Amino acid sequence: MVQQDVTPIPAESIHHWDHEADVVIAGYGVAGAAAAVEAVAAGADVLVLERTGSWGGAAAMAGGFIYLGGGTALQRACGFDDSVADMTAYLNAAMGPGADADRIADYCEGSVEHFDWLVSCGVPFKAEFFGEPGWEPMGDQGLMYSGGENAHPFNTIARPAPRGHVPQMADKKQGEASAGFMLMKPLVETATAGGARGLFDVRVQSLVVAPDGRVVGIRARQYGGDVTIRARRGVVLATGSFAYNDAMVAQYAPRISGRPAASIEQHDGQGIRMAQALGADLAHMDATEVAIFIDPQQLVRGILVNGRGQRFVAEDTYPGRVGQATLYHQDNTAYLVIDGAAQEEAMASASPQLMMRPPTWVCDTVAELEQEMGLAPGSLQSTVASYNEAAERREDPLLHKKAQWLKPIGSPVGAVDLRESTGGFTLGGLKTTLDAEVLDVSGQPIAGLYAAGRSASGLAAWGYASGISLGDGSFYGRRAGRHAAKG
Ligand SMILES: Cc1cc2nc3c(=O)[nH]c(=O)nc-3n(C[C@H](O)[C@H](O)[C@H](O)COP(=O)(O)OP(=O)(O)OC[C@H]3O[C@@H](n4cnc5c(N)ncnc54)[C@H](O)[C@@H]3O)c2cc1C
């Protein structure tokens with residue numbers, strides 16, 4: 001991939017502006033749309049520049065989880081009690097070492113209001129809880145555990161509550177249309193009704209800077225030519241992550257190299273690099289979401305072992321945590337050991353079976369399986385023996401899988417080869433204030449420049465929970481729009 005030139009353009013060199021607005025937003029995904037809604041509400045004239053032919057971005061393709069809590073109306077309607085303190089304690093533990101406690105506190109305190117704001121924009125939520133293991137609800141249910149809150153170790157740290165809020169997609173077809181669309185459509189309609197304009201097929205390339213260092217516009221490419229866009233009050237960068245910029249991934253998050261997932265090609269890091277060229281600072285560039293490509297209905301019913309035949313993570317936790325543990329701590333090597341009865345039960349429970357994986361090996365005994373898999377003699381046998389012994393008592397002293405999933409592994413027994421079965425997207429990006437101002441390497445805001453969504457670093461440091469990206473993207477997108485509108 002050829003890196004685009006991001007050298008800032010001096011405003012004095014521009015003699016003609018092709019377009020202008022008070023607030024110019026780059027990228028019409030979730031952060032851009034949320035910024036547009038709030039900027040027009042604050043009275044600004046808003047122009048959103050989008051590289052593709054339509055609004056939506058990764059957000060419109062997303063499963064639609066929005067991580068919210070602290071006692072939202074949806075949580076209450078589904079019968080769950082949650083508090084800001086529990087949500088904060090969970091996120092401080094789950095977002096990984098180095099997570100920004102001030103940002104987490106800010107986000108948790110604003111979470112109930114943010115949910116109400118989404119509803120006021122017309123985002124629909126069905127007051128029904130989905131309690132099965134899964135990557136997302138099977139139907140149009142609105143609430144689900146999406147971060148392992150009710151599994152070890154988080155259930156010992158904070159009172160669990162489901163916080164994955166999912167917009168209702170009435171005619172949902174798994175693997176086709178997704179709930180993220182039902183987040184994006186109302187947001188874009190609200191922004192448009194407020195007067196926000198969208199300009200499509202415009203690829204933003206570099207920032208235009210006044211002699212005093214203030215960002216006053218953008219240079220972009222449209223239909224093979226240059227266009228200049230003046231921003232009277234501020235520019236918001238909302239162009240997404242760098243998951244598809246191979247050079248940046250190799251530099252900052254090499255373990256995810258070659259395995260982008262849950263992302264789109266347009267996430268090429270352009271917005272991040274444009275701001276870097278002005279001295280912007282970065283944060284959490286090594287953080288990634290990591291999915292493991294298997295149905296959680298299978299995961300919970302088996303045991304996951306590494307290349308030494310040993311268990312390493314509770315199989316009933318958030319599958320993204322399983323993915324991270326596998327990629328980062330087990331050299332991307334995992335095998336799911338599952339017996340015939342459990343496999344059949346999993347097959348019967350999930351519909352459709354998009355991520356259901358057939359066993360790679362099936363044997364009568366664990367000893368034979370261990371040999372077929374090429375594991376060290378005795379390694380898997382001792383793992384299964386100690387798991388079975390405790391499972392008889394419905395206990396898991398090693399990893400604390402919940403009792404409901406504990407059953408001794410019987411015969412026939414199979415294993416799913418999950419080597420190289422992970423993928424994900426990057427979470428790091430521009431360092432910003434809680435008002436979404438982009439900070440430079442000296443810790444000072446760059447005047448006129450804001451960022452939100454995955455071009456900014458958000459809540460996640462190393463860890464992740466489903467819904468964090470649409471959550472902090474929309475939350476801090478709003479902040480960016482509101483503060484840019486003030487000029
Ligand atoms: C299949 C799938 C499932 C997912 N599920 C979830 C989920 O359930 N919950 C969750 O929180 N996250 C989920 N994600 C991730 C989430 O969608 C993204 O992290 C989120 O949309 C990021 O928001 P954003 O505004 O930064 O980027 P986007 O929503 O992708 O918006 C960025 C926009 O900027 C545009 N753009 C890029 N470069 C330029 C440029 N140079 N000039 C102009 N425009 C540009 C892009 O075309 C895009 O429209 C999922 C993603 C996928 C693909």
Side-chain angles (χ1 to χ4, degrees), residues 4 6 24-36 47-68 135-137 144 146-147 163-167 174-181 183-184 187-188 198-207 218-222 227 229 235-245 260-274 288-289 291 320 354 423-427 429-430 451-460 464-477 480:
Q4 304 289 328
V6 289
V24 175
I25 299 168
Y28 217 161
V30 69
L47 182 64
V48 191
L49 309 174
E50 167 57 43
R51 170 177 166 173
T52 68
S54 177
W55 52 264
M61 299 167 64
F65 280 115
I66 309 160
Y67 201 88
L68 295 168
W135 277 105
E136 55 186 73
M144 185 176 165
S146 68
R163 304 194 182 97
H165 291 56
V166 188
Q174 288 268 329
E176 291 180 25
S178 74
F181 181 79
L183 168 65
M184 284 306 300
L187 289 184
V188 172
L199 200 60
F200 299 95
D201 299 309
V202 176
R203 185 171 178 167
V204 162
Q205 286 213 308
S206 45
L207 294 165
I218 277 179
R219 193 199 61 168
R221 298 283 293 170
Q222 187 180 34
V227 282
I229 304 102
V235 164
V236 177
L237 295 173
T239 51
S241 78
F242 62 95
Y244 271 91
N245 184 315
S263 188
I264 53 173
E265 280 179 20
Q266 289 75 21
H267 283 207
D268 64 359
Q270 182 76 1
I272 298 172
R273 294 177 57 248
M274 283 162 59
T288 60
E289 182 268 357
L354 290 179
F425 57 89
T426 58
L427 298 166
L430 297 167
R454 286 289 65 86
S455 56
S457 70
L459 293 172
Y464 193 67
S466 280
I468 291 296
S469 289
L470 297 178
D472 74 14
S474 54
F475 191 91
Y476 290 102

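Bear in mind the structure is a predicted one, so any value in this text is a computation, not a measurement. Numbering of ligands and ligand atoms starts at 1, following listing order.
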Report yes or no: does Q4 have a heavy atom closer than 4.0 Å to ligand 1? no
For residues A58 and I264, report the shortest heavy-atom separation together with the two atoms involved. N-CD1, 3.3 Å
Below 3.5 Å, N or O to N or O, backbone or side chain included: is there any such pair between G453 and ligand 1? no
Of the protein's non-hydrogen atoms, which lies at the shortest distance from atom 47 (O) of ligand 1, and what is that distance? E50 OE2, 2.6 Å
Between Y464 and F425, what is the ring plane arrangement, given parallel below 30°, perpendicular above 60°, and tilted in between? perpendicular
Against L49, only a single residue in D201, T239, I25, V202 fulfils side chain to side chain contact (heavy atoms under 4.5 Å, CB included); can you say which? V202
So, does F425 sit close enough to ligand 1 that a heavy atom of it is under 4.0 Å from the ligand? yes
Restricting to non-hydrogen atoms, name the atom on F65 and the atom on S466 that form the minimum distance, rounded to 0.1 Å. CD1-CB, 3.7 Å
Nitrogen or oxygen atoms of D268 and ligand 1 under 3.5 Å apart: no
Which of the numbered atoms in ligand 1 are below 4.0 angstrom from a heavy atom of H267? 27 (O), 28 (P), 30 (O)
Numbered in order shown, the ligand 1 atoms found under 4.0 Å of a heavy atom of G57 are 30 (O), 48 (C), 49 (O)
Does a donor on one side chain and an acceptor on the other come within less than 3.5 Å for R454 and T426? no
Just let me know how A31 lines up against ligand 1, side chain, backbone, both or neither, with a heavy-atom cut-off below 4.0 Å. both
